Amino acid sequence: MRIGVDVLAIGELDRLHTRGWFRQHTYDQEELELAGSLSPSRAREFLAGRFAAKEAVLKVLGTGFGKGISPAHVRVLRDDRSAPVVRLAGAAARRADELGIGAIAVSIAHKDACVVAVAIGGTSPDDTALGPDRAAAGARIALEKIARSRADIGKARNGNA
């Protein structure tokens with residue numbers, strides 16, 4: 001089993017999202033269509049979550065963007081219950097095959113101005129059977145840690161630490 005996590009501020013990509021080349025390079029057409037069906041604030045959150053999920057998946061694959069893998073090679077779509085589902089293409093799919101990863105589960109969580117994504121790649125049926133539940137638990141734990149650290153920073157700034 002391989003695990004990847006990514007955290008970012010929702011507004012971190014705002015300037016890049018105004019550039020058509022970035023959107024086309026980063027997102028699959030279906031991801032952009034899903035975002036287009038949402039309100040502007042929800043679309044902003046949605047795309048930030050998808051970007052974090054792509055980064056988490058690349059950590060599972062042991063690569064970053066580049067090395068032949070484009071962000072659009074990692075598609076984060078929705079299943080019939082609107083849960084995120086990963087579909088790999090091109091170099092990302094080849095890298096997963098090299099590692100023997102048969103499936104990648106991902107969970108995305110949003111809290112205030114932060115988004116976190118956790119991805120779990122399984123090399124056997126036992127690894128992936130509880131993947132989405134494990135990924136969701138990992139995302140919840142990461143968000144709780146972020147919230148605690150932000151609260152601690154706030155206390156320190158106010159002299160209450």
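Computed from a predicted model, the values in this text were never measured in an experiment.
- For the side-chain contact (heavy atoms from CB on, under 4.5 Å) with Val7, the lone residue among Val118, Val116, Val115 that qualifies is Val116.
- When all heavy atoms of Ala48 and Leu8 are compared, the pair lying nearest together is CB-CD1, 4.0 Å.
- Once rounded to the nearest 0.5 Å, the distance linking CG of Leu99 with CZ of Arg2 reads 5.0 Å.
- A donor-acceptor pair is defined here as one N or O able to donate and one able to accept, closer than 3.5 Å; no such pair exists between the side chain of Thr26 and the backbone of Arg23.
- Note that CD1 of Ile3 is 13.0 Å distant from NZ of Lys59, once rounded to the nearest 0.5 Å.
- Under a hydrophobic-cluster definition in which Ile, Leu, Val, Met, Phe, Trp and Tyr are linked whenever side-chain heavy atoms come within less than 4.5 Å, directly or via other members, Leu47 and Val85 are assigned to different clusters.
- Considering only heavy atoms from C-beta on, Gln24 comes within 4.5 Å of Gln29 through its side chain.
- The minimum heavy-atom distance between Ala92 and Leu61, with the atom names listed, is O-CD1, 3.9 Å.
- Listed for the Asp112 side chain is no donor-acceptor partner under 3.5 Å among the backbone atoms of Cys114.
- Residue Ile108 comes nearest to Pro84 through the heavy atom pair CD1-CB, 4.1 Å, listed as atom of the first residue, atom of the second, then distance.
- Val76 has its side chain out of reach of Asp28: every pair of non-hydrogen atoms, C-beta onward, lies at least 4.5 Å apart.
- Rounding to the nearest 0.5 Å places CZ of Phe51 at 14.0 Å from CD1 of Ile10.
- Ionic pairing of Lys54 and Glu31 is present here: one or more N-O contacts between side-chain nitrogen and carboxylate oxygen are shorter than 4.0 angstrom.
- Taking CG from Leu34 and CZ from Arg50, the interatomic distance works out to 7.0 Å, rounded to the nearest 0.5 Å.
- The two residues Ala117 and Ala56 come nearest to each other via the heavy atoms O-CB, 3.7 Å.
- Phe22 and Tyr27 have perpendicular rings, their planes meeting at more than 60° on a 0 to 90° scale where under 30° would count as parallel.
- Residues passing the salt bridge (Lys or Arg N to Asp or Glu O under 4.0 Å) test with Glu55, sequence neighbours excluded: none.
- Nearest heavy-atom pair across Asp79 and Arg81 is OD1-N, 2.8 Å.
- With values rounded to the nearest 0.5 angstrom, Ile69 atom CD1 is found 6.0 Å from Leu58 atom CG.
- Ile104 places a side-chain heavy atom less than 4.5 Å from the side chain of Leu88.
- Leu13 CG to Arg44 CZ: the interatomic distance, rounded to the nearest 0.5 Å, is 9.5 Å.
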